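Right, one structure below, let's go through it.
In this text the structure is predicted, and so the values were computed from the model without any measurement. These values consider heavy atoms only, across backbone and side chains, with no hydrogens, waters or symmetry-generated copies. Every chain is numbered from 1 and lettered A, B, ... according to where its sequence line falls, protein lines coming before strand lines.
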2 protein chains.
Amino acid sequence: MNDKRPIRATSGTNHEGTSAHNRRVIIDALRLNGALSRADLARATRLTKQTVSNIMEELEGDGLVTSRESVRHGRGQPSTPYGLVPEGAFAIGLQIDRHITRAIAVDLVGNVLIRKEANLPAGGPTTGTPVVLQLVQDVRMELKQRVAQAEKRLVGLGAAMPGPFGLERDDADNPWMMGPWQRFPLLETLSAGTGLNVTLQNDAAACATAERMVGAAHGLDHAVCLYVGYGIGAGLILGGELYSGARGNAGEIGMALLSSGGRRTVEHNASLASLYEHLGVDPMAPDIYSLIDKRAAADDPDILAWVEKAAVDLRWSVHLIETVFDPQTVILCGGAPAALAVRLMAAMQPLLPSNADRPNRLLPRLQLGMTDPWAVARGAAAEPIGHAFDPRFSAILKS
Amino acid sequence: MNDKRPIRATSGTNHEGTSAHNRRVIIDALRLNGALSRADLARATRLTKQTVSNIMEELEGDGLVTSRESVRHGRGQPSTPYGLVPEGAFAIGLQIDRHITRAIAVDLVGNVLIRKEANLPAGGPTTGTPVVLQLVQDVRMELKQRVAQAEKRLVGLGAAMPGPFGLERDDADNPWMMGPWQRFPLLETLSAGTGLNVTLQNDAAACATAERMVGAAHGLDHAVCLYVGYGIGAGLILGGELYSGARGNAGEIGMALLSSGGRRTVEHNASLASLYEHLGVDPMAPDIYSLIDKRAAADDPDILAWVEKAAVDLRWSVHLIETVFDPQTVILCGGAPAALAVRLMAAMQPLLPSNADRPNRLLPRLQLGMTDPWAVARGAAAEPIGHAFDPRFSAILKS
DNA sequence: CAAATTAGTCAAGACAATTGACTTAAAGAA
DNA sequence: TTCTTTAAGTCAATTGTCTTGACTAATTTG
């Protein structure tokens with residue numbers, strides 16, 4: 001009969017889509033700017049005062065915003081600012097790293113309420129999954145105990161782990177990869193194990209989300225986070241949204257070959273894995289973070305030697321990021337201890353010339369972002385909250 | 001009194017935004033799938049039959065779609081497909097290249113109605129602008145003569161030229177740059193000179209737009225066009241939209257340094273400029289395109305030597321693009337003559353390993369796109385048409 | 001104390017999608 | 001043939017959401 005080829009089309013939208021979009025726009029404005037009056041919101045979103053009033057009433061009813069003390073500014077009736085209610089929503093963030101797993105609980109404005117971590121046994125998902133699930137369960141339990149209505153305002157679980165995802169070839173020999181984990185249906189397992197709405201992204205992307213929410217990328221539409229963790233990656237904020245690529249592997253800059261001939265990648269010289277190897281320390285050591293931090297702070301020559309070597313590749317990475325993404329700024333972030341990160345930043349100067357190298361820039365080419373072992377988990381937790389409220393294209397489409 | 005810091009927020013939307021979005025979704029579906037019945041459209045866009053009917057009636061009244069012959073498919077009333085009317089809208093596309101400028105007129109479905117080109121005198125915008133404006137004027141005049149109502153359905157002028165834009169440092173010595181043009185307020189000049197709605201993008205981006213509209217990227221949401229022209233660039237289709245970066249310079253992969261130490265870029269070995277230099281031919285020669293094409297087709301050893309050298313860097317470029325963008329496919333396109341492009345493609349095999357190198361891919365890692373000197377102008381022309389009708393986030397925001 | 005200015009509300013109206021019943025047109029079954 | 005099923009498409013009423021314009025409220029300025 002007729003060919004039943006699938007028809008490709010974007011989804012249309014309707015009244016509810018409009019309304020959802022406007023709600024999200026308002027929440028996003030409040031997150032970005034702090035408390036705002038209805039009149040301010042109306043101007044900023046280009047909606048009418050009345051529309052904003054209606055939506056605010058609804059949001060207040062939903063327990064997502066509350067009024068603050070009214071402020072006088074010159075002539076006219078004083079305005080009543082409304083701010084987000086931290087307890088309006090909660091999410092759990094989960095990081096699965098090479099040797100450790102971390103889980104946190106955050107609220108609507110990004111405050112971290114609970115942190116827990118556990119060593120991840122060797123043996124991949126088989127032995128690791130119970131540990132991870134238990135950790136999540138512990139965080140959830142404690143959250144439930146601490147905040148009465150948290151459970152029903154828990155919007156989801158955001159998980160992050162090193163990429164790349166969906167590769168079929170086995171890179172078991174590559175110390176920077178987590179092959180068994182990457183082939184494991186983590187999302188489904190977590191979803192089944194917790195009953196929560198689960199999202200999965202790579203650690204660099206999660207870090208970028210965290211930077212956008214509360215860090216150096218706050219309010220920026222084009223920013224790239226150069227993530228230095230056990231491996232190296234880039235988290236991409238492009239056009240105001242996190243970009244993940246066709247299969248969630250965008251930004252895996254650590255795997256970029258440094259030249260057309262060689263087999264060396266950025267990760268070989270600049271990842272924390274390479275640092276541990278260089279120093280001959282055991283990455284499983286429980287106090288490794290503070291150990292590195294102390295040695296870096298004391299300008300340990302072994303550390304400085306690694307920093308010099310790593311800076312060469314990181315400098316090139318920044319050049320590359322600037323050249324291909326044209327961001328407003330590049331943010332160095334990740335699990336590197338603060339003292340180490342500061343030294344890396346310094347060693348990367350001067351940056352290589354690039355298109356981003358112009359006078360009268362508003363933002364520096366390279367900024368130091370969060371150097372917090374919990375940053376990835378924070379970003380992971382931000383994902384479900386963002387999904388629930390951010391103004392994004394997909395959000396206005398019909399469900 | 002109070003601090004009048006600017007408030008950052010996304011714009012809200014209203015009924016007209018909804019309606020505009022749905023119109024655009026429908027037009028886009030028709031462009032992507034060809035003629036579709038109202039029922040098909042309703043299913044594809046997830047709008048109701050009635051809504052689609054209303055919009056179709058409006059679009060038909062606007063002269064953008066017409067009904068085709070009804071088709072029977074099994075039981076039920078036969079459907080009446082509607083297709084885009086080519087004469088529904090027109091746009092002018094303009095390419096400004098190093099030594100030549102091209103202008104075309106296209107219709108709503110992308111047919112090229114008129115092509116004109118002119119040599120661009122040395123001396124930059126001062127001597128070049130009159131030539132460009134005259135060329136545009138010529139195309140416009142001929143369009144007006146050929147199609148009576150074209151003038152009032154002319155939605156804009158899309159211009160493309162090599163990037164990068166907005167650099168303040170002077171690279172007059174760099175033969176791959178067009179410094180004076182890049183610092184020239186082309187957009188304003190064209191706008192003032194023609195009275196049209198003008199957009200400006202780089203040539204690689206324009207080429208990507210063309211590939212998305214009628215080429216290998218048709219219907220893809222994540223595709224990168226590796227553009228080999230006088231310089232080298234990448235046109236980025238990310239998340240279904242063209243991505244340009246913070247300042248329109250995203251994808252300038254030709255300027256990426258090949259290693260952290262050196263000063264060599266992809267453009268040095270793989271651009272047509274490097275080919276002309278390698279061959280010792282004058283890039284101003286009027287028949288240069290067919291000349292290269294013939295020599296390539298005859299497997300001229302000088303050409304083949306260049307191909308080998310260029311392929312090394314292009315292979316690396318593909319690896320890099322796959323690693324940082326994670327696209328569904330990479331498309332080799334640009335102003336290279338067909339015979340040369342085919343040889344480049346062949347010489348690039350085998351590709352370097354990357355995350356994209358997995359079995360059961362749906363699309364090849366690298367495809368040959370348009371090898372048409374007019375592709376850039378076509379893509380440039382698609383921009384105003386797309387702007388007028390595409391479903392994009394910005395389109396649903398309040399004007 | 002009146003005028004100006006700004007925040008915010010009220011009630012009616014406008015716009016655009018939805019709903020459900022209906023009409024039309026074809027294929028297949030009895 | 002005729003009845004049933006299926007699918008396309010229309011009609012008219014309804015619903016959801018934003019806009020409009022007039023209004024009230026609260027404050028500063030002259």
Side-chain angles (χ1 to χ4, degrees), chain A residues 1-2 4 7 11-26 35-61 65 67-82 391 395-399, chain B residues 1-2 4 7 11-26 35-61 65 67-82 391 395-399:
Chain A
M1 222 90 319
N2 66 329
K4 278 289 173 201
I7 296 170
S11 185
T13 189
N14 56 12
H15 299 139
E16 276 128 48
T18 307
S19 173
H21 173 76
N22 289 343
R23 279 176 63 118
R24 279 157 227 258
V25 161
I26 284 179
L36 293 173
S37 70
R38 300 180 180 203
D40 280 340
L41 281 167
R43 280 186 292 265
T45 60
R46 313 181 61 181
L47 293 167
T48 59
K49 287 184 294 182
Q50 188 55 57
T51 301
V52 171
S53 265
N54 295 341
I55 292 176
M56 292 306 285
E57 203 166 327
E58 200 186 326
L59 290 176
E60 198 170 13
V65 303
S67 57
R68 304 285 164 81
E69 203 162 325
S70 70
V71 293
R72 285 194 279 267
H73 18 22
R75 242 175 228 204
Q77 177 171 327
S79 63
T80 311
Y82 285 76
I396 71 139
L397 306 182
K398 301 178 79 170
S399 60
Chain B
M1 224 72 339
N2 65 330
K4 277 291 174 200
I7 296 170
S11 185
T13 190
N14 56 10
H15 298 138
E16 277 129 48
T18 307
S19 172
H21 173 76
N22 289 343
R23 280 176 61 118
R24 280 157 227 256
V25 162
I26 284 178
L36 293 174
S37 69
R38 300 180 180 201
D40 279 340
L41 282 166
R43 278 186 294 265
T45 60
R46 312 181 60 179
L47 294 166
T48 59
K49 289 184 294 182
Q50 189 55 58
T51 302
V52 171
S53 266
N54 293 341
I55 293 177
M56 291 307 285
E57 204 166 328
E58 200 185 326
L59 290 177
E60 197 170 13
V65 303
S67 57
R68 304 286 164 79
E69 202 161 324
S70 70
V71 292
R72 283 194 279 267
H73 16 26
R75 267 181 203 197
Q77 177 169 328
S79 62
T80 311
Y82 285 76
I396 71 137
L397 306 180
K398 302 177 79 169
S399 59

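- Side-chain atoms of B/S79 and B/H73 form a donor-acceptor pair, as typed in the model, at a separation below 3.5 Å.
- Close to D/dG16, at under 4.0 Å from its OP1 or OP2, lies no side-chain N or O of A/N14.
- The residue A/T51 sits close to a base: some heavy atom pair falls under 4.0 Å.
- Using a 4.0 Å heavy-atom cutoff across all strands shown, B/T80 reaches sugar-phosphate atoms only and no base atom.
- When the side-chain nitrogen and oxygen atoms of A/R43 are compared with OP1 and OP2 of C/dA7, one or more of them lie within a distance under 4.0 Å.
- The distance between atom CD1 of A/I26 and atom P of D/dT17, rounded to the nearest whole Å, is 14 Å.
- Close to C/dA7, at under 4.0 Å from its OP1 or OP2, lies no side-chain N or O of A/R72.
- If you check the side chains of B/Y82 and B/R68, you find no donor sitting under 3.5 Å from an acceptor.
- Nucleic acid contact for A/N22: sugar-phosphate only, since backbone atoms but no base atoms lie under 4.0 Å from a heavy atom of the residue.
- At whole-Å resolution of the value, CD in B/Q77 and P in D/dT10 are 9 Å apart.
- Sequence order on DNA chain D of the closest nucleotides to A/K49 and B/R38 puts B/R38 first from the 5' end.
- If you take CZ of A/R68 and P of C/dA7, they are 18 Å apart, rounded to a whole angstrom.
- Between A/S70 and D/dA26 there is no side-chain N or O to OP1 or OP2 distance below 4.0 Å.
- An OP1 or OP2 oxygen of D/dG9 is reached within less than 4.0 angstrom by no side-chain nitrogen or oxygen of B/S53.
- For the 3.5 Å distance criterion, the side chains of A/N54 and A/Q50 qualify, holding a donor opposite an acceptor.
- Rounded to whole Å, the distance from CE on A/M56 to P on C/dA7 is 14 Å.
- Rounded to whole angstrom, the span from the CG atom of A/L41 across to the P atom of C/dA7 amounts to 12 Å.
- Rounded to whole angstrom, the span from the CG atom of A/L36 across to the P atom of C/dG8 amounts to 11 Å.
- Nearest-nucleotide positions on DNA chain C for B/H15 and B/N54 put B/H15 closer to the 5' end.
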Show the numbers, then the answer: is there a side chain to side chain contact (heavy atoms under 4.5 Å, CB included) between A/H15 and B/T18?
CA-CA 8 Å; A/H15 299 139; B/T18 307; 5.6 Å; no
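- A close approach under 4.0 Å does not occur between any side-chain nitrogen or oxygen of B/R75 and OP1 or OP2 of C/dA29.
- Comparing C/dT18, D/dC18, C/dA25 against the side chain of A/I55 picks out D/dC18 as the nearest.
- In this structure, B/E16 atom CD and D/dT20 atom C1' are separated by 13 Å, rounded to whole Å.
- The only member of B/T45, B/V65, B/V25, B/N22 that meets side chain to side chain contact (heavy atoms under 4.5 Å, CB included) when paired with B/I55 is B/N22.
- No side-chain donor-acceptor contact under 3.5 Å links B/T80 and B/S37.
- Counting only heavy atoms from C-beta on, A/S37 has its side chain closest to C/dG8 among C/dG8, C/dA16, D/dC18.
- The nearest whole Å value for the distance from the CD atom in A/Q50 to the P atom in C/dG8 is 12 Å.
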